[in-house]
There are 2 protein chains.
Amino acid sequence: MIRVVLAEDQAMVRGAFAQLLDLQPDVAVVGTAGDGDEALAAVALHRPDVLLTDIEMPGKSGLDVAQELVRRGDGTRVLIITTFARSGYLRRAMDAGVAGYVLKDAPIAELVSALRRVHAGERVVAPELAMAAWDSADPLTPRERELLREVTTGASNADIAARLHLAEGTVRNYLSTAMAKLGAKNRSEAANTARDRGWL
Amino acid sequence: MIRVVLAEDQAMVRGAFAQLLDLQPDVAVVGTAGDGDEALAAVALHRPDVLLTDIEMPGKSGLDVAQELVRRGDGTRVLIITTFARSGYLRRAMDAGVAGYVLKDAPIAELVSALRRVHAGERVVAPELAMAAWDSADPLTPRERELLREVTTGASNADIAARLHLAEGTVRNYLSTAMAKLGAKNRSEAANTARDRGWL
DNA sequence: ACCCCGGGATGACAAATGTCAGCTTGACTC
DNA sequence: GAGTCAAGCTGACATTTGTCATCCCGGGGT
């Protein structure tokens, strides 16, 4: 019997997945969570074999949770299930030591089989992404990432400078180098490509 | 027996919802679709009582599909099921004549009950949104919307001018008035708030 | 000890963006 | 027929962004 905790922020999707998995004879959903912190709590409480988690959730992301569990040396294996075929997400997931990575675009059958394989100790990666992991590594420094995240909110240089206690010129400089690294013509384009590759 | 066609772009979510609904004694999922065009085809083929559809899908959106079905005078009732609590989406859905609007944040039970009520001829709107519909109407002209959509891609004034066959100054003017209407300090902020309210 | 790199800063300059006033034209309403 | 309004344009101006060269500091490497 595979004991699973399921973390996913959309209640309807969470409920549907939970019911379906529970219908499998060899799977038991022992707990569910709607965000990263609830996921950590549920794992601590139920000590499942596998944590099945989304990436984008309010508060702690699924990647944060995975990192935390691995750091703790907690025996729970993590299977990521996400909408996004972003190579940067996969890379970070791998670095965080997750056991599997499947896409919501795949049929449900793939989720169940991935779950079994992860439980059996295998590593599972969505075939569409197996290669993608190797293409481009994140060239951004932590500071540049931080600035780009501010840009996505529509903040001006002055706004960013104030929020991060920097000089306005410094903000321009960082964004300039980030734009160069990403081959973007302006701040928005830079922020967009960084987001699309999962680097934010 | 309520005959349903289900349109949702993420295969895993689509599969899960389909299986769950089929478990209900009074519901039969007679067809599924992964985008708007498939949804129209499936409705034409199966003539279901209710089309249950997501909004954001590749190609035609769920709102486009609803509009088309109502225009045709086709008897199928439309129940929208979406992630986004954007008041603009709800307003457009109402204008398009949909029979119901539920959020993926709600529990699955709500989906099933909404489905039954829509089939019975009632109108169902997610309670979180019932009020929201009345707050702010879209103040943007079609042209301004179009320009803001370009802005979300990170295009410069020159890019937009070229793509839409406009003078660069005209682009600046339109964005300027859009920014004023939306109370935004710059183009990105304007694009963000317009998107968040479902006006794009 | 030396060099490189990330973080932080300055100043100057060029280019892009935002603001304003004012003009035309073609619909649509009253 | 006058008025209104979206769409489109121009030109002048102020402000914001982007680019570059150049500087300082501190922590790793070798």
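Fair warning: this is a prediction, and the values are worked out from it, not measured in the lab. In what follows, chains carry the letters A, B, and so on, assigned in the order in which the sequence lines appear, proteins first and then strands, with residues in each chain numbered from 1. As a basis for the values below, the full set of heavy atoms in this structure was taken, side chains included, without hydrogen atoms, waters or symmetry mates.
Proximity of A:Val151 to A:Ile160: side-chain heavy atoms (C-beta onward) are separated by under 4.5 Å at one or more points. Proximity of B:Glu38 to B:Met57: side-chain heavy atoms (C-beta onward) are nowhere separated by under 4.5 Å. Looking only at side-chain heavy atoms (C-beta outward), A:Leu23 and B:Leu23 come within less than 4.5 Å of each other. With a 4.5 Å cut-off on side-chain heavy atoms, B:Val78 and B:Val118 do not count as touching. Counting heavy atoms from C-beta outward, A:Leu148 and A:Leu182 have side chains that approach closer than 4.5 Å. Within the 4.5 Å cutoff, the side chain of B:Thr53 has no heavy atoms near those of the B:Ile81 side chain.
Of the residues near DNA chain D, A:Thr177 and B:Arg143, the one whose nearest nucleotide (by heavy atom distance) lies more toward the 5' end is B:Arg143. Each of A:Ser188 and B:Glu144 was matched to the nucleotide of DNA chain D holding its nearest heavy atom; the match closer to the 5' end belongs to B:Glu144.
Remark: A:Asp49 engages no residue in a side chain to side chain donor-acceptor pair (under 3.5 Å) (not counting sequence neighbours). Listed by chain and number, the residues in a side chain to side chain donor-acceptor pair (under 3.5 Å) with A:Asp35 amount to none (sequence neighbours excluded). For A:Thr177, the side chain to side chain donor-acceptor pair (under 3.5 Å) partners at least two apart in sequence or on another chain are A:Glu144.
Rounded to an integer number of Å, the gap from CG of B:Leu182 to P of C:dG18 is 13 Å. For the pair B:Leu140 CG and D:dA7 C1', the computed distance is 15 Å after rounding to whole Å. Computed from coordinates, the A:His165 NE2 to C:dG8 P distance equals 11 Å when rounded to whole Å. In this structure, A:Lys185 atom NZ and C:dA14 atom P are separated by 23 Å, rounded to whole Å. Summarising the geometry, the separation between CZ on A:Arg145 and P on C:dG6 is reported as 12 Å, rounded to the nearest angstrom. Atom-to-atom, CD1 of A:Ile160 to C1' of D:dG18 comes out at 13 Å; the value is rounded to the nearest Å. Across the protein-nucleic acid pair, A:Leu166 atom CG and C:dG6 atom P stand 17 Å apart, rounded to whole Å. Taking atom CD of residue A:Glu189 and atom P of nucleotide D:dG18, one finds them 11 Å apart after rounding to whole Å.
Distances from the side chain of A:Pro142 to the nucleotides D:dG8, C:dT19, C:dG7 place C:dG7 closest. Taking every side-chain heavy atom of A:Ala167 into account, C:dT10 is the closest of D:dG18, C:dT10, D:dC9.
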Short N/O separations, protein against nucleotides 22-29 of chain C, under 3.5 angstrom:
none

Between protein and nucleic acid, restricted to nucleotides 13-17 of chain D and to nitrogen or oxygen atoms under 3.5 Å apart, what atom pairs and distances do you find?
| from | atom 1 | to | atom 2 | distance (Å) |
| --- | --- | --- | --- | --- |
| D:dT17 | OP2 | A:Asn157 | N | 3.3 |
| D:dT17 | OP2 | A:Asn157 | ND2 | 3.2 |
| D:dT17 | O3' | A:Arg187 | NE | 3.3 |

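Applying the 4.0 Å criterion to OP1 and OP2 of C:dG8, one finds that A:Tyr174 has a side-chain N or O inside that range. Applying the 4.0 Å criterion to OP1 and OP2 of C:dT19, one finds that B:Ser176 has a side-chain N or O inside that range.
In summary, B:Arg149 and B:Glu146 do not engage in a salt bridge, as defined by a charged side-chain N under 4.0 Å from a carboxylate O.
Annotation: the span from B:His46 atom NE2 to B:Leu51 atom CG amounts to 11.5 Å, rounded to 0.5 Å.
Neither A:Ile108 nor A:Leu103 shares a network with the other; the hydrophobic side chains, linked directly or stepwise wherever heavy atoms of I, L, V, M, F, W or Y lie under 4.5 Å apart, form separate groups for each. Note: the hydrophobic cluster containing A:Val98 does not contain A:Val50 (ILVMFWY, side chain heavy atoms under 4.5 Å, direct or indirect links).
The terminal axes of the helix from C:dA1-D:dT30 to C:dC30-D:dG1, fitted over 5 pairs per end, subtend an angle of 40° to the nearest 10°.
Each side chain to side chain donor-acceptor pair (under 3.5 Å) pair with one or both residues in residues 153-171 of chain B, not counting sequence neighbours, appears once here: B:Glu150-B:Arg163, B:Ser156-B:Asp159, B:Asn157-B:Arg187. Screening residues 10-23 of chain A for side chain to side chain donor-acceptor pair (under 3.5 Å) gives A:Gln10-B:Thr83 as the qualifying pairs, with residues at least two apart or on separate chains. A salt bridge (Lys or Arg N to Asp or Glu O under 4.0 Å) check over residues 69-86 of chain A, counting only residues at least two apart or in different chains, returns the pairs A:Arg47-A:Asp74, A:Glu56-A:Arg86, A:Glu68-A:Arg71, A:Glu68-A:Arg72. Each salt bridge (Lys or Arg N to Asp or Glu O under 4.0 Å) pair with one or both residues in residues 107-122 of chain B, not counting sequence neighbours, appears once here: B:Asp26-B:Arg116, B:Arg117-B:Glu122.
Across residues 146-153 of chain B, not one residue has a non-hydrogen atom less than 4.0 Å from an atom of DNA chain C.
Residue contacts shown for B:Thr141 are limited to sugar-phosphate atoms, with no base heavy atom under 4.0 Å away.
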Go along nucleotides 23-29 of chain D 5' to 3' and tag each nucleotide: B for a protein heavy atom under 4.0 Å from its base, S when only backbone or sugar atoms are that close, - otherwise.
-> -------
